[in-house]
Structure formats: C-alpha cells, structure tokens
Q: 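Could you have a look at this structure, given as structure tokens, before my questions?
Side-chain atoms are counted along with the backbone in the values below, which use heavy atoms only and exclude waters and symmetry mates. So that the names make sense, note that chain A is the first sequence line, chain B the second, and so on, each numbered from 1.
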Protein chains: 2
Amino acid sequence: MKFYDCSTAPSPRRVRIFAAEKGIALPTVQVDLRNGEQFTPAFRAINPDCTVPVLQLDDGTVIADAVAICGYLEELHPDPPLMGSNPQERAVVTALNRQIERDGFFAAMDAFRNTAKGLKGRALPGPHDYEQIPDLAARGRVRVEHFFRAMDARLDDRAFVAGTRFTIADISTLVLIDLAGRAKLTLPEACANLRRWHREVAARPSASA
Amino acid sequence: MKFYDCSTAPSPRRVRIFAAEKGIALPTVQVDLRNGEQFTPAFRAINPDCTVPVLQLDDGTVIADAVAICGYLEELHPDPPLMGSNPQERAVVTALNRQIERDGFFAAMDAFRNTAKGLKGRALPGPHDYEQIPDLAARGRVRVEHFFRAMDARLDDRAFVAGTRFTIADISTLVLIDLAGRAKLTLPEACANLRRWHREVAARPSASA
C-alpha cells in the first residue's frame with residue numbers, strides 16, 4: 001500500500017487525520033504540487049486526474065479520492081468507527097459529510113483558489129487550466145460565512161458535528177476551516193459553539209497529522 | 001420510510017434509478033420545488049437545507065443526500081450490488097462516482113443553474129439566494145465538454161463506467177448528461193463510446209424512473 005500525499009494540501013490532510021485517529025501508519029510518498037510533480041508522466045500514470053490524495057494498493061489498484069480512501073480504511077480497520085457504526089449511522093454521517101463538503105469545503109476552495117496569486121489560471125485542481133473567477137471567490141466567502149453560522153447552531157447541543165462521537169464530518173470541518181483561514185476567513189467571535197469545538201478538535205493529536 | 005422526491009429534479013432521480021435497479025418501491029411524497037414548497041416551514045422541519053431527495057426513516061431519522069440514501073439502500077438490499085461488492089470495489093466505485101460528481105455533475109449544474117431564466121437569483125439549491133455568475137456557467141460548459149471526452153476514452157474498453165457491471169457511477173453519469181442537455185450541451189458526435197453507452201443505459205427500464 002502506498003499513500004501519495006502533499007503535506008501542505010487540504011484534501012490529503014483529511015486522510016492523514018483519519019488514519020491518525022485509527023492509529024494506521026501509511027507508507028507515504030510526497031508529491032510536490034508546488035513544482036508541478038502531479039503533471040509529470042510518472043504521476044499521471046498513477047492518477048490521470050493529477051490530484052492527491054491517492055492510495056495505491058499492492059495489486060496496483062488506485063483509489064484517487066480522500067473520502068473513498070477513508071471508506072476503505074474504515075472497512076479494514078473498523079475501530080474506532082469514524083463513519084458511523086451501523087447502516088443508519090453511516091447514512092447520516094455520509095449525508096452530513098457531503099453537505100459539509102458542498103456548503104463548506106467547496107465554498108472555501110472557491111474563496112481560496114479564485115484569489116490566491118499562486119493559483120492564477122489554476123482555479124481548479126486537475127489536468128485542465130481554468131482562470132480565476134472573482135465573483136466565484138466572493139460567493140465562496142459569503143457561503144463560508146453562512147456555513148460557519150449553520151455549524152455554530154448545530155454545535156449548540158452537540159459535542160461533535162455528528163453528535164456524541166468524533167467522525168469524518170469533524171475532520172472535513174476542521175480542514176475546511178484551516179483552508180478558509182488561508183483566504184483570511186476566520187471564525188466569527190459570535191460563533192462561540194464553533195470556536196469551542198474548534199479548540200477541542202484542533203487540540204487532538206491527529207490534527208497535526 | 002418516506003421518500004421526498006421531485007419528479008423533475010436531477011438529484012432525487014439518482015435515487016429513483018438506484019431503487020428501480022434494485023426493485024425497491026419507496027413510499028414517495030412529491031415536493032413542488034417550482035412553487036417553493038421546499039421553503040415552507042413544514043418542509044424545513046424535515047430538511048432545513050431545503051433540498052430533495054430526503055429519506056425519512058420510521059424513527060424520524062432524516063437522510064438528506066442522494067448518495068447517502070443510495071448507500072443506505074445498498075446496505076439493506078445488497079443485491080444487485082451497485083456500489084461494489086467488497087471493500088476494494090466499493091472504494092474504487094466511490095472514488096469514481098465522486099470524480100464524476102466533481103467534474104461532471106457539478107459542472108453541468110454550474111452550466112444550467114447559472115443561465116436558466118427560472119433560476120435567476122437561485123444559482124445554488126439550499127436556503128440561501130445567490131446570483132447567477134455568467135463566467136461560472138461558461139466554465140461549466142467547458143468542463144462538461146472535457147468530461148464527455150474523458151468519459152468517452154474511459155468507455156473505450158469498458159461496458160460500463162466502472163467496468164463490467166452497472167453501478168451508481170453509471171446512474172450519476174446518465175443523470176448529469178440529461179441535466180447538461182437542459183443547458184443544450186449534447187454528446188459530441190466524436191464520442192462514439194459514450195454514445196453507445198448512453199443508448200444502452202438510457203434503454204434500461206430504470207432510466208425512466
């Protein structure tokens with residue numbers, strides 16, 4: 001098994017935190033996104049989508065998506081469960097995690113990638129070049145603000161995003177908050193629940209993975 | 001169990017096709033998106049995100065996401081498997097389905113929702129209003145064209161999107177192609193593999209679900 005990572009990128013970080021929570025050590029290869037290693041023929045042969053994370057299994061099978069990799073690790077190492085422990089819980093956590101991606105993660109990506117100077121002409125990851133869209137960055141900022149407030153309300157009566165247990169939904173939220181921070185979007189003072197949750201989750205050993 | 005649907009919307013259609021392939025009949029309630037039923041207090045009490053599909057279980061649990069609902073149905077009714085039949089297959093299908101969402105489904109959504117006259121001020125589903133962004137519609141069109149070509153290449157040596165068996169990845173692709181059609185994006189003549197696949201998949205009884 002080989003994990004293709006980039007220590008500064010948000011998507012592979014989701015997998016690193018997930019694996020750390022389970023105590024799994026993944027044999028890791030760093031891909032130098034800053035210098036375009038994802039576009040080399042050698043890396044395209046592994047993932048034509050030119051993105052990380054990628055988990056390559058010993059038989060050569062490639063899993064080229066953060067959540068799919070987490071699902072695979074969850075099946076191989078069910079404890080502690082980070083995606084729910086029965087069909088109903090799994091469905092609720094999956095739905096929540098996907099909503100967090102849509103409303104939070106992708107919004108933070110829009111805000112960051114459509115303004116970052118180093119990403120001119122690279123507003124989306126992947127093999128194709130797209131120009132930055134300033135209106136999309138602005139919309140992303142507004143959406144992240146809405147997301148912060150919705151998440152704050154959700155955490156009013158919950159220890160963790162999905163309820164009483166730490167799950168992949170907490171990991172997604174933590175990573176997107178840090179990504180939003182790169183676009184200078186910080187947690188509002190008024191969001192006391194979200195700030196409490198963030199302090200606690202960011203203090204877990206896995207957060208530095 | 002109660003399935004909140006809208007017969008003209010693409011996301012709940014993914015669940016309808018999935019259930020039809022498994023021979024599951026879902027007790028269904030239509031939500032009139034065109035007349036704003038998703039914003040009524042009654043529907044917000046079920047799903048504050050104001051979207052369909054929603055599957056409500058008998059104990060009141062709400063699953064408010066198409067893929068999460070499919071995952072739940074897959075666990076309850078494993079045959080025929082539409083999301084892979086072992087951890088490795090599940091991971092590969094999940095990764096592929098998510099890539100299809102990112103590069104195809106969301107791109108088609110961008111193309112359609114940012115130009116449709118009836119969606120002025122409603123460029124995204126959900127409780128918040130966002131103005132249409134013409135540049136995002138244009139980017140969506142280019143991305144859908146790239147997606148068609150990538151999918152055509154993939155289908156050169158595969159019967160179905162994920163390989164030899166029909167899966168959720170075929171459902172996502174079928175639904176996004178029809179959505180792209182609403183934005184007048186049609187399958188290029190040159191994409192013979194994709195057209196062959198589309199003919200076959202659109203002819204399955206489930207496609208009219």
Side-chain angles (χ1 to χ4, degrees), chain A residues 47-49 51 54-55 57 59 61-76 83-84 86-99 101-103 106-107 110 114 123-128 130-136 138-139 142-143 145-147 150 153-154, chain B residues 47-49 51 54-55 57 59 61-76 83-84 86-99 101-103 106-107 110 114 123-128 130-136 138-139 142-143 145-147 150 153-154:
Chain A
N47 182 15
D49 199 35
T51 53
V54 172
L55 188 68
L57 308 185
D59 70 356
T61 299
V62 162
I63 310 169
D65 174 78
V67 171
I69 295 170
C70 291
Y72 182 73
L73 297 177
E74 179 92 347
E75 290 213 59
L76 262 56
M83 301 175 87
N86 60 53
Q88 184 167 326
E89 275 185 25
R90 276 190 283 276
V92 169
V93 171
T94 296
L96 181 60
N97 192 49
R98 286 171 54 87
Q99 194 190 341
E101 289 185 320
R102 282 193 300 268
D103 295 344
F106 295 148
D110 284 348
N114 286 283
L124 286 173
H128 303 292
Y130 298 101
E131 292 302 325
Q132 293 173 329
I133 300 176
D135 285 351
L136 184 55
R139 188 182 83 176
V142 175
R143 292 179 69 203
E145 296 288 347
H146 284 308
F147 175 82
R154 162 170 276 276
Chain B
N47 182 16
D49 200 36
T51 54
V54 172
L55 187 69
L57 308 185
D59 71 356
T61 300
V62 162
I63 309 169
D65 173 79
V67 172
I69 295 170
C70 291
Y72 182 73
L73 297 177
E74 179 92 348
E75 290 212 59
L76 262 56
M83 301 175 89
N86 60 51
Q88 184 167 327
E89 274 185 28
R90 277 190 282 277
V92 170
V93 171
T94 297
L96 181 59
N97 192 49
R98 287 171 55 87
Q99 194 190 341
E101 289 186 320
R102 280 194 301 268
D103 296 343
F106 295 148
D110 284 348
N114 286 284
L124 286 172
H128 304 292
Y130 297 101
E131 293 302 324
Q132 293 174 329
I133 300 176
D135 286 350
L136 184 55
R139 187 182 82 175
V142 175
R143 293 180 69 203
E145 296 288 347
H146 284 307
F147 175 82
R154 163 169 275 276

Q: Might you point out which heavy atoms bring B/Ala68 and A/Ala91 nearest each other, and give the distance in Å?
A: CB-O, 3.4 Å

Q: Please classify the contact of B/Asn97 with chain A as side chain, backbone, both or neither, using a heavy-atom distance under 4.5 Å.
A: neither

Q: For A/Val62, is it the side chain, the backbone, both, or neither that has a heavy atom closer than 4.5 Å to a heavy atom of chain B?
A: backbone

Q: Looking at B/Val67, B/Asp135, B/Ile63, which one has more heavy-atom pairs under 4.5 Å with chain A than the rest?
A: B/Val67

Q: Report the residues that fulfil side chain to side chain contact (heavy atoms under 4.5 Å, CB included) with A/Gln99, sequence neighbours left out, ordered by chain and then residue number.
A: A/Arg102, A/Asp103, B/Asp49

Q: Can you tell me which of B/Pro87, B/Ala150, B/Ala95 forms the most heavy-atom pairs within a distance under 4.5 Å of chain A?
A: B/Pro87

Q: By a 4.5 Å heavy-atom criterion (distance strictly below it), what part of A/Ile133 contacts chain B: side chain, backbone, both, or neither?
A: side chain

Q: Pick one of side chain, backbone, both or neither for B/Leu76, based on which atoms fall under 4.5 Å of a heavy atom in chain A.
A: side chain

Q: Looking at B/Asp59, B/Leu55, B/Val142, B/Leu124, which makes the most heavy-atom pairs under 4.5 Å with chain A?
A: B/Leu124

Q: Determine the interplanar angle of the B/Phe106 and A/Phe106 rings, folded into 0 to 90°, and report it as parallel if under 30°, tilted if 30 to 60°, perpendicular if over 60°.
A: perpendicular

Q: For A/Arg98, check side-chain hydrogen bond (donor to acceptor under 3.5 Å, both in side chains) against everything at least two apart and list the hits.
A: B/Asp65, B/Glu101

Q: Do you know the tightest heavy-atom contact between A/Tyr130 and B/Arg139?
A: CD2-CG, 3.7 Å

Q: What's the spacing between A/Leu136 CG and B/Asp110 CG if we round to 0.5 Å?
A: 7.5 Å

Q: Using heavy-atom distances under 4.5 Å, tell me whether A/Leu96 contacts chain B through its side chain, its backbone, both, or neither.
A: neither

Q: Using a 4.5 Å cut-off on heavy atoms from C-beta on, say whether the side chain of B/Arg90 contacts that of A/Tyr72.
A: no

